[in-house]
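In each ligand, atom 1 is the first atom listed, and ligand 1 is the first ligand listed. Counting from 1, the numbers follow the sequence of the chain as shown.
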Amino acid sequence: MKIKFLNLGKQPITNSFLKNVDKKTINKEFFYNLSVGFDKKSYLVSLMKHVDPKKQFTDQYAHRASQSRTMRKSFKEIASKLKKRFKPRKCLEIGSNDGVFIKNFKKNQVVAVEPCTNLAKITQAAGYKTYGKFWNEKIALKIKKLHGQFDLIFSANTISHIPNLEEVFKSVSFDLKEKGVFVFEDPYIGSVILNNSYDQFYDEHVHLFSLISISKIISKSNLKVFDVEITKNHGGSIRFYVSRVDSNFKETKRLKLLKFKEIKQGLHKFKTYKKFSSRVSKSKKDLVELLKTLKIKNKKIISYGATYKSATIFNYCDIGTDLIDYVVDTTTNKQGKFTPGKHIPILSPEIGFDNSVDYAFLGAWNFKKEIKDKEKDFLKRGGKFIVHVPKVKII
Ligand code: TMP
């Protein structure tokens, strides 16, 4: 049973950028209560109540993984690493977005599943067999019938979006060869606790995984985690390497070490999450105070990156156009729209990131290095970034 430890209040769907902010559109905007709980039995951290996936993963899905240099590089590296280590002949990707991972494979080697049909169309048009469907038993059985089983099943930032994990893993076991490997990665709860990055909680992140939770849950589908990596992706992610329970893959040293670290960090204890929740309240207070102080001094503050994460922050902290003039983002289908819930206008960096900006809140803090490298001129002329992780500060 889940016990609540965090309440982030009334929140919109993070992907629902508004085309305009007239009364009719605003009245129709969907909100839900974002609260998070811990299951003492499975150690899993999940939203208390999830949103209907059909409302989230539509044919209007905005996020394009290929648009970040950091993500293109990261997916190229992981594809090459997996090819070298497992030499897969046939691969399946669950949640292929715009093809940022599969484009590192030959077209006849890969099958992809992606429920956002605007994205599925992109990889389909590029010649990759893509099913515009949600991952579940039905599609897994269909794929098995039409394509057989796979040496490698890969998924990034997708499994944590799916409410029914038992069905996810059971479906994976249908499509995985006897000696096959399932590799998946998602944001890591250990990093969230460490960095106080509460903005990793939003409608799409139904769960935030730890090794101890996934090891327990996956065993119900006769699968086992045999290796694990902590990566810098999305501000701290965990990559699981999974095989059938009776495979020859042995638990690695780093897996044993991480299990030990998680117990030391207290990821199996409710108390750890309760303490985190108090730090989140403080972070809110500090951020609002800082922005208000700068505003009193007549400083112009914008936000850099119309991220899903920043939707959680702005709605939880009640930050609107009174504090943040606008948001800049390179994603063309976010530009000209308004952020969900707080309705802050989104501009292209070419238009919005000019000499008038004094401070830029890093909504895309997980791309801090890429952005700082790119925006050297802003820093040179005295512009400053604001971050909220691990503590609210000006950098
Ligand atoms: P994500 O954290 O969900 O991947 O979203 C990152 C967002 O930040 C995405 O909308 C693109 C935007 N962004 C910029 O606008 N400029 C940049 O330099 C980078 C790296 C990201």
Is any side-chain N of the basic residue among R85 and D227 closer than 4.0 Å to the acidic one's carboxylate O? yes
Does a donor on one side chain and an acceptor on the other come within less than 3.5 Å for Y308 and N15? yes
Between R381 and N355, do the side chains contain an N or O donor and an N or O acceptor separated by less than 3.5 Å? yes
One finds that the ligand 1 atoms under 4.0 Å from a non-hydrogen atom of T331 are 9 (C), 10 (O), 11 (C)
What residue and heavy atom of the protein are closest to atom 12 (C) of ligand 1, and at what distance? D329 OD2, 3.2 Å
Under 4.0 Å from one or more heavy atoms of G305, ligand 1 contributes atoms 8 (O)
At what distance is the nearest protein heavy atom to atom 13 (N) of ligand 1, and which residue and atom is it? T330 OG1, 3.8 Å
Quick one about N333 and T331 (side-chain donor to acceptor, distance below 3.5 Å, no hydrogens or angles considered), yes or no? no
Checking a contact table here: which protein heavy atom is nearest atom 2 (O) of ligand 1, and how many Å away? K309 NZ, 2.9 Å
Which residue and atom name correspond to the protein heavy atom nearest atom 16 (N) of ligand 1, and how close is it? Y304 CE2, 3.5 Å
Have K300 and S356 got a donor and an acceptor in their side chains that come within less than 3.5 Å? yes
Any side-chain donor paired with an acceptor under 3.5 Å for Q56 and Y61? no
Looking at ligand 1, does any of its N/O atoms fall within less than 3.5 Å of an N/O of T307? no
Non-hydrogen atoms of T123 and T130 that approach each other most closely: OG1-OG1, 2.9 Å
Over 60° means perpendicular and under 30° means parallel, so classify the ring planes of F270 and F38, tilted if in between. tilted
The protein heavy atom nearest to atom 18 (O) of ligand 1 is K374 NZ, 2.5 Å
Geometry only, no angles: is S68 polar-contacting ligand 1 at N/O separations under 3.5 Å? no
Honestly, for T70 the part within reach of ligand 1 (heavy atoms, under 4.0 Å) is neither
Contacting atoms of ligand 1, where contact means under 4.0 angstrom from a heavy atom of H234: 4 (O)
Regarding D39 and K2, does a basic nitrogen lie under 4.0 Å from an acidic carboxylate oxygen? no
For K334, the atoms of ligand 1 under 4.0 Å from one of its heavy atoms are 9 (C), 10 (O)
With a 4.0 Å cut-off, would you call D175 and K144 a salt bridge? no
Atom indices of ligand 1, in the order listed, that fall short of 4.0 Å to a heavy atom of E370: 20 (C)
Which of the numbered atoms in ligand 1 are under 4.0 angstrom from any heavy atom belonging to I371? 17 (C), 18 (O)
Polar-atom distance check: Y308 versus ligand 1, any N or O pair below 3.5 Å? no
Salt-bridged, E77 to K81, with N to O below 4.0 Å? no
Show which atoms of ligand 1 fall inside a sub-4.0 Å distance from at least one heavy-atom site of N366. 2 (O)
For atom 21 (C) of ligand 1, the protein heavy atom that lies nearest, with its residue and separation: F367 CD1, 4.2 Å
Scan side-chain atoms only and decide if H207 and S46 contain a donor-acceptor pair under the 3.5 Å cut-off. yes
Which atoms of ligand 1 are found less than 4.0 Å from any heavy atom of A364? 8 (O)
Where's the contact between R69 and ligand 1, heavy-atom distance under 4.0 Å: side chain, backbone, both or neither? neither
Nearest neighbour of atom 1 (P) of ligand 1 from the list K372, H63, E375, on a heavy-atom basis: H63
